[in-house]
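Have a look at the structure below, then the notes.
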Amino acid sequence: MAEGFDRNDKNDMALFDRVPPHDDDAEMATLGGMLMAKDAIGEVTQTLEEADFYQPKHQTIYKAIIDLFSAGDPADVVTVANRLDDAGDLEKVGGVDYLHDLIGSVPTAANAVYYATIVHQRAILRNVIAAGTKITQLGYNAEGSQAQEVVNLAQAEIYEMSMGKVHQDYAPISSAVEATLKQIDRIQKGEIESGILTGFRDIDSVTKGLQPGQMVVVAGRPAMGKSTLGVDFARAAALHQHLTTVIFSLEMSQIELSQRIISAETNIPLSAMRNAEDIDPGRWNVLNNFFIKLKDAPLFIDDSPNMSLMEIRAKCRQLKQSDDLKLVVIDYLQLMSSGKQVESRQQEVSEFSRALKLLAKELEVPVVALSQLNRGPEMRNDKKPQLSDLRESGSIEQDADVVFLVHRPDAYDKEDRPGEADIIMAKHRNGPTATFNLAFRGQYSKFQDMPQDYQQGV
């Protein structure tokens, strides 16, 4: 028995004396990508923790990058080097030259998440080995009568190792109900808003505002006004409720979008924005006053071309961290890029839809995604859009909490209710559906409430 024990013990020692699983190249490439692009930082932090790096110097560099990013500061070679130098760690990690080596180890920041996944997988394997080593020691050191206790300890060790980055998100129904009742009580007392108001009386009455975690789809045929309605939601949130809002405009430039916002807010016709001769001294005065009022407005516009889903997610996470992001508007869904090959466009749009819903839940903000409708409405006599008209609609229809379909009868017949629009709420996961009658003021690029006593057809 003693001889057999010695042989097994030697085999175990040989196993545990081996270098633990790790990948230095992947660690370097991950850090290099983070140093190259801030968008990569937000993505990598969803996968990695500091302890996932095997090399201590890589842990130190990672922490410096995250500290800068969390403070809203740039995290490049210069700023990271300064931070490490201030902490007395720069020479320990190999100096500025090593930071440049990190950037040189990766061709593009777009692959940072891929390398981070490799680093995380190696960390899991090291945790398995560590847990196995501890369980082995428990088995060798226990007496026969303690066998069941050792089994329990081993199970606990495996469970703790398997938890990783998993958080306890489940809760007993009693606590969930209690939280709901408290929220209702706070709403009644006026302590919290019911949601982010859209700026439209009847829509807000039915929806109680756009809710955190919701994916809201605004859809329509081209030139119906879906972009206008999305910008109206953003204006109401950022300019009138002072809530941080971001518009990702994949179709219009920042200048085009700002022209629409200026026109809607000042009632200076959109056409005048594009014709300098129409801006007289009086209108200049209005514009200057609006600019002063707008200076500190928490509205951000991103018109980056070929924007990928990864970029949008990273930017939203950064704004949530730095400016307490409250509303996201994306114009529009079918123009987004995944940056990878897919079997079909429908599959790609489905992935976008699901990812935006998850982003809304993760950041606890409403995400308003604008979407194209197919030609279905034009085939019907009344031209009214339906939920099934959403292009590549399967997943969008399923993931959305609220779907608004924009319909303007006068777009098909100038004599049919000119200047009016129907905003058809075709889906409302948490309440009734309805159709809202709004005025469309195209010259000012905005929708408006109808007078309260207005009756359609009178």
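All heavy atoms count here, side chains included; hydrogens, waters and symmetry mates do not. Throughout, residue positions are numbered sequentially from 1 according to the sequence presented.
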### Task
Specify whether Tyr54 and His22 have parallel, tilted or perpendicular ring planes, treating 30° as the upper limit for parallel and 60° as the lower limit for perpendicular.
parallel
### Task
Evaluate the ring planes of Phe440 and Phe447, with Trp represented by its six-membered ring, and classify them as parallel (under 30°), tilted (30 to 60°) or perpendicular (over 60°).
tilted
### Task
Assess whether side-chain hydrogen bond (donor to acceptor under 3.5 Å, both in side chains) is satisfied between Thr60 and Asp89, documenting all intermediate values.
CA-CA 8 Å; Thr60 302; Asp89 293 327; 5.3 Å; no
Rounded distance [0.5 Å steps], [atom1] in [X] versus [atom2] in [Y]:
{"X": "His407", "Y": "Thr435", "atom1": "NE2", "atom2": "OG1", "result": "10.0 Å"}
{"X": "Leu270", "Y": "Tyr444", "atom1": "CG", "atom2": "OH", "result": "11.0 Å"}
{"X": "Met425", "Y": "Thr433", "atom1": "CE", "atom2": "OG1", "result": "6.5 Å"}
{"X": "Leu257", "Y": "Arg260", "atom1": "CG", "atom2": "CZ", "result": "7.5 Å"}
{"X": "Leu363", "Y": "Leu325", "atom1": "CG", "atom2": "CG", "result": "6.5 Å"}
{"X": "Ile262", "Y": "Ile268", "atom1": "CD1", "atom2": "CD1", "result": "8.0 Å"}

Could you tell me which non-hydrogen atom of [X] sits nearest to which non-hydrogen atom of [Y], and how far apart they are?
{"X": "Ala51", "Y": "Arg126", "value": "O-NH2, 3.8 Å"}
{"X": "Ile261", "Y": "Arg235", "value": "CG2-CD, 4.1 Å"}
{"X": "Leu387", "Y": "Leu405", "value": "N-CD1, 3.8 Å"}
{"X": "Pro21", "Y": "Leu125", "value": "CG-CB, 3.9 Å"}
{"X": "Ala297", "Y": "Leu239", "value": "CB-CD2, 3.5 Å"}
{"X": "Leu197", "Y": "Ala236", "value": "O-CB, 3.7 Å"}

### Task
Go through Ile61 and Phe53 one step at a time and tell me if the side chain to side chain contact (heavy atoms under 4.5 Å, CB included) criterion holds.
CA-CA 10 Å; Ile61 295 169; Phe53 289 91; over 6 Å; no
### Task
Please step through side chain to side chain contact (heavy atoms under 4.5 Å, CB included) for the pair Phe233 and Val218, ending with a clear verdict.
CA-CA 11 Å; Phe233 289 171; Val218 176; 3.9 Å; yes
Is [X] salt-bridged to [Y], cutoff N-O under 4.0 Å?
{"X": "Asp185", "Y": "Lys182", "value": "no"}
{"X": "Lys320", "Y": "Glu364", "value": "no"}
{"X": "Arg83", "Y": "Asp73", "value": "no"}
{"X": "Lys208", "Y": "Asp204", "value": "no"}

Only counting residues at least two apart or in another chain, list the ones meeting side-chain hydrogen bond (donor to acceptor under 3.5 Å, both in side chains) with [X].
{"X": "Thr79", "value": "Asp76"}
{"X": "Glu50", "value": "none"}
{"X": "His58", "value": "Glu27, Tyr98"}

#### Entry: Step-by-step side chain to side chain contact (heavy atoms under 4.5 Å, CB included) determination, Val368 to Phe404
CA-CA 10 Å; Val368 177; Phe404 293 112; over 6 Å; no
### Query
Tell me the side-chain hydrogen bond (donor to acceptor under 3.5 Å, both in side chains) pairs involving residues 277-297, sequence neighbours left out?
Asn275-Asp278
Is the shortest side-chain heavy-atom distance between [X] and [Y] below 4.5 Å?
{"X": "Ser249", "Y": "Gln254", "result": "no"}
{"X": "Asp232", "Y": "Thr198", "result": "no"}
{"X": "Asp399", "Y": "Leu356", "result": "no"}
{"X": "Val328", "Y": "Val246", "result": "yes"}
{"X": "Arg317", "Y": "Glu362", "result": "yes"}
{"X": "Lys226", "Y": "Arg221", "result": "no"}
{"X": "Ile196", "Y": "Pro366", "result": "yes"}
{"X": "Met215", "Y": "Ser353", "result": "yes"}

Please check: side-chain N/O of [X] versus main-chain N/O of [Y], any donor-acceptor pairing under 3.5 Å?
{"X": "Arg408", "Y": "Met224", "value": "yes"}
{"X": "Ser105", "Y": "Leu102", "value": "yes"}
{"X": "Asp331", "Y": "Leu370", "value": "no"}
{"X": "Tyr115", "Y": "Gly32", "value": "no"}
{"X": "Glu43", "Y": "Ala112", "value": "no"}
{"X": "Asp52", "Y": "Ala123", "value": "no"}
{"X": "Ser253", "Y": "Glu256", "value": "yes"}
{"X": "Arg201", "Y": "Met450", "value": "yes"}
{"X": "Ser445", "Y": "Gly442", "value": "no"}
{"X": "Glu265", "Y": "Ser263", "value": "no"}

### Message
According to salt bridge (Lys or Arg N to Asp or Glu O under 4.0 Å), does anything in residues 427-449 pair up with another residue at least two apart or in another chain? List the pairs.
### Response
Asp401-Arg429
### Query
Has Ile255 got more than 12 heavy atoms of other residues, nucleotides or ligands less than 6.0 Å from its CD1?
no
### Message
Surrounding OH of Tyr412 (heavy atoms of other residues, nucleotides or ligands, distance under 6.0 Å), is the total greater than 12?
### Response
yes
### Query
Can you name the side-chain contact (heavy atoms from CB on, under 4.5 Å) partners of Asp302, sequence neighbours left out?
Phe248, Ser304, Met307, Lys315
#### Entry: Given Val44, Val106, Ile103, the one that forms side-chain contact (heavy atoms from CB on, under 4.5 Å) with Met34
Val44
### Task
Report the C-alpha separation of Asp422 and Arg417 in whole Å, then their side-chain angles, then the decisive distance to 0.1 Å, and conclude whether the salt bridge (charged side-chain N to carboxylate O under 4.0 Å, His left out) test is met.
CA-CA 10 Å; Asp422 292 328; Arg417 296 167 54 202; 2.8 Å; yes
### Task
Give the intermediate values and the outcome of side chain to side chain contact (heavy atoms under 4.5 Å, CB included) for residues His120 and Thr30.
CA-CA 11 Å; His120 182 58; Thr30 301; over 6 Å; no
